[in-house]
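Heads up, the thing below is written out as structure tokens.
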There are 2 protein chains.
Amino acid sequence: MVTVDPWHALADPTRRKVFARVARGPCSVTEIARDLPVSRPAVSQHLRVLLDAQLVDVQQRGRERLYQPRLSGLEVLRRDLESYWSQTLSTFKEVAEQSYEPDTSPTEGASR
Amino acid sequence: MVTVDPWHALADPTRRKVFARVARGPCSVTEIARDLPVSRPAVSQHLRVLLDAQLVDVQQRGRERLYQPRLSGLEVLRRDLESYWSQTLSTFKEVAEQSYEPDTSPTEGASR
DNA sequence: ACAACACGTAAGTTACTACTTACGCGTTCA
DNA sequence: TGAACGCGTAAGTAGTAACTTACGTGTTGT
């Protein structure tokens with residue numbers, strides 16, 4: 001089993017549309033391909049990547065394969081994004097404090 | 001000015017490391033390149049993409065260029081991710097309800 | 001049993017992307 | 001004023017990724 005970075009998985013616009021459709025509710029490959037300007041095999045290949053990124057799950061249903069969204073992959077993205085967000089906020093805070101105390105950095109007063 | 005999809009911007013592992021470093025606090029190109037196994041121009045090119053994705057900002061500082069994180073790009077990601085998350089949760093709910101009421105779907109009792 | 005359906009995968013092509021080295025421009029400091 | 005620094009960008013290259021068509025497999029219904 002190959003593991004795929006969920007960031008990479010959602011980077012492609014077409015693949016993001018595929019995932020968005022699956023997230024909205026369980027659906028089959030043909031059903032997804034009908035709404036997209038790409039072939040059915042292309043959708044299959046995108047779903048394979050989403051599977052490897054733990055973003056979707058499959059379930060055989062007669063002769064259909066029903067795809068459903070999965071939380072595991074999203075949790076990774078959530079954690080990373082939350083980290084970026086909080087670090088960005090505290091960086092903002094630090095920069096703001098430094099502009100009030102120019103003594104802290106001895107890099108000469110070229111801050112403006 | 002070229003606009004870049006923030007999803008695409010954070011898809012590359014190296015670029016994500018560059019952004020993670022900038023998020024942690026303002027820094028220069030050379031400083032980032034010192035901690036990564038790629039050349040300085042490579043870092044410059046990554047920062048260009050992050051700039052176009054509204055994920056970072058620059059500020060000339062003497063002969064250095066100080067990069068800082070920016071919220072705009074992250075907000076897009078946050079909004080998308082939040083949408084995926086909530087839709088995935090409600091899809092889970094729907095699926096759970098359907099398994100208790102097999103009458104709803106006339107696709108014959110092949111659910112197990 | 002056979003046609004139709006739903007799907008995955010192999011094979012091939014084209015476009016893009018991440019990287020390198022080489023170069024040029026502005027800034028700092030002796 | 002000239003050497004060193006910090007950086008962006010151009011040019012070239014190797015690897016990857018997204019797509020297509022063609023084909024094979026399992027399931028449904030007559």
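A, B, ... follow the sequence lines: proteins, then strands. Residue 1 opens every chain. Note that this is a predicted model, so its numbers are computed, not measured.
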message: Can a donor-acceptor pair be found, under 3.5 Å and without considering hydrogens, that links the side chain of B/Arg70 to the backbone of B/Leu55?
response: no

Give me, pair by pair, the N or O atoms of the protein and of nucleotides 25-27 of chain C that are less than 3.5 Å apart, along with how far apart they are.
none

message: Counting only heavy atoms not in B/Arg48 (residues, nucleotides, ligands), do more than 12 fall under 6.0 Å from its CZ?
response: no

What does the list of N/O pairs under 3.5 Å between the protein and nucleotides 17-20 of chain D look like, with a distance for each?
unit_1	atom_1	unit_2	atom_2	d
D/dA18	OP1	A/Arg15	NH2	3.2
D/dA18	OP2	A/Arg15	NH1	3.2
D/dC19	OP1	A/Thr14	OG1	3.1
D/dC19	OP2	A/His46	NE2	2.1
D/dT20	OP2	A/Ser39	N	2.8
D/dT20	OP2	A/Ser39	OG	2.6
D/dT20	O4	A/Gln45	NE2	3.1

message: Any carboxylate oxygen within less than 4.0 angstrom of a Lys/Arg side-chain nitrogen, looking at B/Glu94 and A/Arg24?
response: no

field: Nucleotide D/dG8, atom P - distance to CD of B/Glu64 in whole Å
entry: 11 Å

field: Over all atoms of both residues, closest heavy-atom pair of B/Ala20 and A/Gln87
entry: O-OE1, 4.0 Å

field: Salt bridge flag under 4.0 Å for residues A/Asp5 and B/Arg16
entry: yes

task: Compare side-chain N and O positions of A/Arg48 against OP1 and OP2 of C/dT9 and report whether any pair is under 4.0 Å apart.
output: yes

query: Any donor and acceptor pair, going by atom type alone, linking the side chain of A/Thr88 with main-chain N or O of A/Tyr84 inside 3.5 Å?
result: yes

field: Between C/dA6 (P) and A/Gln59 (CD): distance, integer Å
entry: 18 Å

Donor-acceptor under 3.5 Å (A/Thr91 side chain, B/Ala23 main chain): yes

message: Is A/Tyr67 close enough to C/dA6 that one of its side-chain N or O atoms is under 4.0 Å from OP1 or OP2 there?
response: no

message: Tell me if a side-chain donor or acceptor on A/Arg15 pairs with a main-chain N or O of A/Leu50 at a distance below 3.5 Å.
response: no

- line: B/Leu47 atom CG is separated from D/dG8 atom P, nearest whole Å, by 7 Å

